[in-house]
> 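Submitted below is the structure of interest, expressed as structure tokens.
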Protein chains: 2
Amino acid sequence: MKTQGKQGAVPSKPRRKRLSPEERRGQIVAAARSLFAAEGTDNVSMRKIAKRVGITQAAIYQHFENKEAIFFVIIEGFFAELLAALETAIAEETEPLLRLRRSMRAYIEHGLSRPEEYRLVFMTPMSGLARAGLAVPRTDEARNTPSKGSLSFDVLDRAVRDVALAGRTRYADTDLLAEAAWAAMHGIVSLLITHDQFPWTDRERIVEFQLDLVFRGLLHDKCPMRQALAGTF
Amino acid sequence: MKTQGKQGAVPSKPRRKRLSPEERRGQIVAAARSLFAAEGTDNVSMRKIAKRVGITQAAIYQHFENKEAIFFVIIEGFFAELLAALETAIAEETEPLLRLRRSMRAYIEHGLSRPEEYRLVFMTPMSGLARAGLAVPRTDEARNTPSKGSLSFDVLDRAVRDVALAGRTRYADTDLLAEAAWAAMHGIVSLLITHDQFPWTDRERIVEFQLDLVFRGLLHDKCPMRQALAGTF
DNA sequence: CTCCCTAAATAAACACTGTTAGGTAACTGA
DNA sequence: TCAGTTACCTAACAGTGTTTATTTAGGGAG
């Protein structure tokens, strides 16, 4: 409410353009996602997102309740693509053991290809994860409205179970086997992400070796495929 | 410089007490550490620490350059105790395989007993870790001033190497073996910490199973101790 | 015992964060 | 052309880490 009326030359009031809610939502999520990848999970502020989109920070709250709500959408996307990757991995292979191995590779590669999102999903305290559903995949409530996250875990769980059904595991508790497999995968992915300064040996060999580890642990000693699954090591 | 002089009854000017730098530093670190455990890594602000200690937030900067500097001290403590735990584990067992197994249990138990500090050390982006030295344990600079962090990794590295020297591993690259072992341990610890809502099977069994996994992966198939090391599974 | 000087503590401000309230104006349908 | 809806903006809130200038406590020297 200062002196200037509506001259237009004074660069104080950038005339607004109005977009459809869907379009703006898309812009906001896209901006947030690319800021993630570029500057890391922590350095994503509402102001930065807004500036990237070309609006004010407050305008975001027209489309998202929270900052967390934006993250939630990103997480959903992450899980949707993870689920897709796991399902194609499974579709491309019928043999249970090789199928499990492929799924695990898919998980690892997906995580390593989206380090900042992986960090957000699996390493931040808050985390949208609980609400994304992965954290409680075996409860009834979560099963009623299965999220992409819980479905992703289910794919792995089923792959493990199929191996057990084929009579090849040395232990019957498939829950335990699936958890161990998940932990092994998460171990490499998260360490490679957080400690990228560490003088790791070749990344590809680490992944292969870790998968070997899991399979030697899963299978009973007389399984005929043990050698075949243990690649070069 | 308001009206009140030095009545003493008015609760406005809490007369300051002056402490020795060492004592204050200790108070600050202790407050920060207990706030960690109580309210989680993120909810530790300078104001909260200061209030806990009974001083102003700015007073902290007399003793620490940064917030990160406080965390750094906490991390050092975490690594110092980890190193101690690893060394007693090694001292109590001479047989290389059992020794490695004990060290790994020590790592896991230490992490699970200090979840928030583990989170800070191994899962936060910043992280003091790089400066704590673990991130670059094999470079010359870091070797010249070995931190407790890099020493901790070295203990595990040496334990793995001893197993290899005993001719029991199925692979010669001990760096790779150590990395895989670390990843397997970190996998369970970090997942158990971040996903405490997840309906895990019994924690003790998970740990045991994961250790089995690593050992079956490390040892060559004809190793006479394979069965002995694979406990109940 | 007094003085004084170092430095531990303070108050006040900086720039930043997420979030909210209320006003303005752009588009939509009549 | 004229509402009505609502996307957007401005301004402010409380919180964050950090810096500056100022006060004052406490120990050493005279």
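So that the names make sense, note that chain A is the first sequence line, chain B the second, and so on, each numbered from 1. Computed from a predicted structure; not experimentally measured.
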> What I want to check is whether the side chains of R161(A) and T174(A) have a donor and an acceptor closer together than 3.5 Å.
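Result is yes, a qualifying pair exists.
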> Are F71(A) and F36(A) near enough that their ring centres are under 6.0 Å apart?
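Centroid distance F71(A)-F36(A): below 6.0 Å, so yes.
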> From the list dA7(D), dT19(D), dT19(C), which nucleotide is the closest neighbour of the side chain of K67(A)?
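So the side chain of K67(A) is nearest to dT19(C).
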> Between atom CE in M46(B) and atom C1' in dC16(C), what is the gap in whole Å?
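Going from CE in M46(B) over to C1' in dC16(C) covers 15 Å.
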> Checking all strands, does V44(A) fall into the base, sugar-phosphate, or nothing category for heavy-atom contacts under 4.0 angstrom?
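Answer is sugar-phosphate: V44(A) comes under 4.0 Å of backbone atoms only.
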> May I have the distance from E68(A) (atom CD) to dT17(C) (atom P), rounded to whole angstrom?
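So the CD-P distance, E68(A) to dT17(C), works out to 18 Å.
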> For H63(B) and dA7(C), is the shortest distance between a side-chain N/O and OP1 or OP2 below 4.0 Å?
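H63(B) to dA7(C) OP1/OP2: no side-chain N or O under 4.0 Å.
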> Give a yes or no on whether a donor-acceptor pair under 3.5 Å exists between the nucleobase atoms of dG15(D), that is its base, and the side chain of R47(B).
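No pair found.
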> Would you say the side-chain atoms of K67(B) pair up with the backbone N or O of V44(B), donor to acceptor, closer than 3.5 Å?
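Yes: the side chain of K67(B) pairs with the backbone of V44(B).
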> From the options dC9(D), dT18(D), dA9(C), select the nucleotide whose nearest atom is closest to the side chain of T56(B).
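Within the option list, the nearest is dA9(C).
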> Looking at R101(A) and E208(A), is any side-chain nitrogen of the basic one under 4.0 Å from a carboxylate oxygen of the acidic one?
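Yes, E208(A) and R101(A) are salt-bridged.
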> Round to the nearest Å and state the distance from Q62(B) atom CD to dT18(D) atom C1'.
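Between C1' of dT18(D) and CD of Q62(B): 14 Å.
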> 5'-most contact on DNA chain C: I60(B) or Q57(A), nearest heavy atom basis?
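Per heavy-atom nearest nucleotide, the more 5' residue is I60(B).
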> Just how far, in rounded Å, is C1' of dC8(D) from CZ of R25(A)?
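Atom-to-atom, R25(A) to dC8(D), this comes out as 17 Å.
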> Can you see if the side chain of S45(A) gets near the phosphate of dT17(C) - specifically, an N or O under 4.0 Å from OP1 or OP2?
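Affirmative; the distance criterion is met.
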> Write down the distance between CD (E23(A)) and C1' (dA26(C)), rounded to a whole number of angstrom.
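Computing the E23(A):CD to dA26(C):C1' distance gives 15 Å.
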> In whole angstrom, give the distance that lies between atom CZ of R18(B) and atom P of dA25(D).
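The distance from CZ of R18(B) to P of dA25(D) comes to 10 Å, rounded to the nearest Å.
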> Side chains of R105(B) and E109(B): does their closest heavy-atom pair fall under 4.5 Å?
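They are in side-chain contact.
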> When you check the phosphate oxygens OP1 and OP2 of dG18(C), does a side-chain N or O of N66(A) lie under 4.0 Å from one of them?
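Answer is no, no contact under 4.0 Å.
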> I need the CZ-C1' distance between F64(A) and dG18(C), as an integer number of Å.
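For the pair F64(A) CZ and dG18(C) C1', the rounded distance is 16 Å.
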> In whole Å, I'd like the distance from the CG atom of N43(B) to the C1' atom of dG17(D).
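Answer to the nearest Å: 15 Å.
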> Look at the side chain of L19(B) and decide which nucleotide, out of dA11(C), dA9(C), dA7(D), has an atom nearest to it.
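The closest nucleotide is dA9(C).
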